[in-house]
Participant: 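Have a look at this one before I ask anything.
We name chains A, B, ... by the order of the sequence lines, and we start the count at 1 in each one.
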2 protein chains.
Amino acid sequence: MSGAAARKPRPRNAEATKALLLKAATEEFAEYGLAGARIDRIAERAGANKRLLYVYFGDKNQLFDAVVQEQTDAVLEAAPMDEGDLCAFAIARFDYVLANPDARRIAAWRSFEQTEPAEGERAAFRARIEAVENAQRAGRIRTDIPAADLFAFVLRITESWLSAPPALKAAGGGDPLSPKRMQQHRAALQAAVRSLVGQP
Amino acid sequence: MSGAAARKPRPRNAEATKALLLKAATEEFAEYGLAGARIDRIAERAGANKRLLYVYFGDKNQLFDAVVQEQTDAVLEAAPMDEGDLCAFAIARFDYVLANPDARRIAAWRSFEQTEPAEGERAAFRARIEAVENAQRAGRIRTDIPAADLFAFVLRITESWLSAPPALKAAGGGDPLSPKRMQQHRAALQAAVRSLVGQP
DNA sequence: CGTATGTAACTAACTATTGATTTACCAATC
DNA sequence: GATTGGTAAATCAATAGTTAGTTACATACG
């Protein structure tokens with residue numbers, strides 16, 4: 001027998017490897033952010049060689065961009081805004097980020113660590129704001145708050161518990177993320193958004 | 001004249017130097033976070049020698065803790081919660097973080113990069129939640145949303161525009177932080193919190 | 001007075017590590 | 001046999017943290 005342990009090389013499958021790397025990068029960036037993430041850890045998480053990361057994605061920043069792109073697209077798709085219905089939007093977004101905590105953290109890291117907005121995302125927000133304006137004109141929601149502000153309120157409120165300061169989550173006692181607690185919070189969120197957007 | 005430029009050493013004043021370092025660290029951490037901040041840049045910003053930073057604060061993490069402590073204390077003091085008055089709290093907090101953007105960013109970085117809550121802060125949040133509960137019992141605010149949830153909603157809403165994704169801020173066109181815009185948003189915030197906490 | 005002396009404030013240059021990115025190479029598979 | 005997927009090990013810059021001092025200043029002593 002040879003002394004060195006036999007390393008079994010990864011099966012040759014570019015697509016699968018690329019997907020594994022992206023998944024590992026998503027987890028790593030979600031946990032540590034762009035500056036805190038480590039290329040070595042990403043490769044290790046993926047069980048792949050570091051080099052492949054550069055082959056498939058370019059460099060650390062481009063990898064981060066790829067992760068951001070995927071996650072923001074997913075959130076946008078999971079929480080549509082039909083007819084400017086902010087209540088439905090809020091609940092859909094809450095459900096999605098509760099089930100996919102990484103998506104929320106990636107979006108937050110991005111808006112903290114990168115200030116340059118992407119054009120596609122800007123357009124997506126503009127469309128949502130316009131939908132809210134339409135609903136205002138149709139008399140479905142209050143008009144004393146500008147559409148952009150109202151949308152920003154609702155957007156943040158959907159993740160207010162999930163992104164609350166650790167000390168606040170801990171202040172209540174009990175598991176702040178237990179299913180029971182989340183069910184309760186979901187109902188609270190629904191009530192809150194309803195009274196927030198309704199006619200005053 | 002001698003070839004080397006004469007470096008004028010910093011006047012010998014421990015308190016002043018320490019304060020300058022803390023200020024520089026606050027700016028650096030606010031901008032880049034714990035992982036992204038650079039010790040050398042902090043020293044340079046302060047116009048002080050790197051070594052002093054270690055003498056006065058220990059290491060990078062302890063320096064970050066010192067900054068966090070100062071900033072969170074300041075926010076807590078600037079936005080008190082008398083009699084569970086969430087409206088007044090919200091406006092006071094908004095005004096403070098608008099005037100002190102670093103405080104908000106520091107708090108955000110902290111809750112993202114460090115998960116261990118400090119005991120003092122936990123107590124502060126508990127006190128606030130209790131104040132809200134009292135107001136609920138007194139019939140001043142709605143009771144169909146648990147106090148902790150309601151507080152979390154209001155807390156996040158106070159910074160929803162300031163911490164909105166860059167793409168959202170940019171979507172509206174015009175300077176998203178102009179005084180005029182902020183005045184408008186402040187009114188929107190007031191209206192929003194009022195209808196959020198009022199009896200349904 | 002003037003000078004020794006202890007110590008606090010400060011500085012420059014060094015080290016040891018870490019971490020992103022590359023180079024050079026091997027092995028499947030078409 | 002050329003191209004594609006994969007690996008190990010080197011490179012090179014940046015960084016947190018240190019070592020080894022120098023200078024200002026106070027206080028005490030002759």
Participant: For B:Asp40, check side chain to side chain donor-acceptor pair (under 3.5 Å) against everything at least two apart and list the hits.
Facilitator: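 Counting only residues at least two positions away or on another chain, B:Asp40 forms a side chain to side chain donor-acceptor pair (under 3.5 Å) with B:Lys50.
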Participant: Only counting residues at least two apart or in another chain, list the ones meeting ring pair (Phe, Tyr, Trp, His ring centres under 6.0 Å) with A:Tyr32.
Facilitator: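 In terms of ring pair (Phe, Tyr, Trp, His ring centres under 6.0 Å), with neighbours along the sequence ignored, A:Tyr32 is linked to no residue.
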Participant: Have a look at A:Arg110 and tell me which of A:Gln71, A:Glu121, A:Gln69 forms a side-chain hydrogen bond (donor to acceptor under 3.5 Å, both in side chains) with it.
Facilitator: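 Single pass found, and it is A:Glu121.
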Participant: For B:Thr72, give me all partners under side chain to side chain donor-acceptor pair (under 3.5 Å), at least two apart in sequence or on another chain.
Facilitator: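 For B:Thr72, no residue satisfies side chain to side chain donor-acceptor pair (under 3.5 Å) once neighbours in sequence are set aside.
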Participant: Grab the CD-C1' distance between A:Glu44 and C:dG19 for me, whole Å please.
Facilitator: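 So the CD-C1' distance, A:Glu44 to C:dG19, works out to 14 Å.
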Participant: Looking at five pairs on each end of the helix from C:dC1-D:dG30 to C:dC30-D:dG1, what is the angle between the two axes, given to 10 degrees?
Facilitator: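 Roughly 10°, once rounded to the nearest ten degrees.
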Participant: With side-chain hydrogen bond (donor to acceptor under 3.5 Å, both in side chains) as the rule and sequence neighbours excluded, what pairs involving residues 83-97 of chain A come up?
Facilitator: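 Passing the test, one end in residues 83-97 of chain A: A:Arg93-A:Thr158, A:Arg93-A:Glu159, A:Asp95-A:Arg186.
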Participant: What residue pairs, at least two apart or across chains, pass side-chain hydrogen bond (donor to acceptor under 3.5 Å, both in side chains) with a residue in residues 126-136 of chain B?
Facilitator: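 Every pair satisfying side-chain hydrogen bond (donor to acceptor under 3.5 Å, both in side chains) with a residue in residues 126-136 of chain B: B:Asn134-B:Arg137.
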Participant: Please check the phosphate of C:dC10 (OP1 and OP2 only) for any side-chain N or O of B:Thr17 closer than 4.0 Å.
Facilitator: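 The answer is yes; a side-chain N or O of B:Thr17 sits under 4.0 Å from OP1 or OP2.
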Participant: Report the distance from atom CG of B:Leu52 to atom C1' of D:dT18, rounded to the nearest whole Å.
Facilitator: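 Going from CG in B:Leu52 over to C1' in D:dT18 covers 13 Å.
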Participant: Could you give the side-chain donor-acceptor pairs of residues 13-20 of chain A under 3.5 Å, partners two or more places apart or in another chain?
Facilitator:
| residue | atom | partner | partner atom | Å |
| --- | --- | --- | --- | --- |
| A:Asn13 | OD1 | A:Glu15 | N | 3.4 |
| A:Asn13 | OD1 | A:Ala16 | N | 3.2 |
| A:Thr17 | OG1 | A:Asn13 | O | 2.9 |

Participant: Could you give the CG-to-P distance, from A:Leu53 to D:dT7, as a whole number of Å?
Facilitator: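 Rounded to the whole Å, the gap is 13 Å.
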Participant: Can you give one letter per nucleotide of nucleotides 20-30 of chain C, 5' to 3': B if a protein heavy atom sits under 4.0 Å from the base, S if only from the sugar-phosphate, - if neither?
Facilitator: SBBB---BB--
Participant: Restricting to side chain to side chain donor-acceptor pair (under 3.5 Å), what partner residues turn up for B:Arg45, sequence neighbours left out?
Facilitator: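 Scan of B:Arg45 (side chain to side chain donor-acceptor pair (under 3.5 Å), adjacent residues dropped) gives B:Glu27, B:Glu28, B:Glu31.
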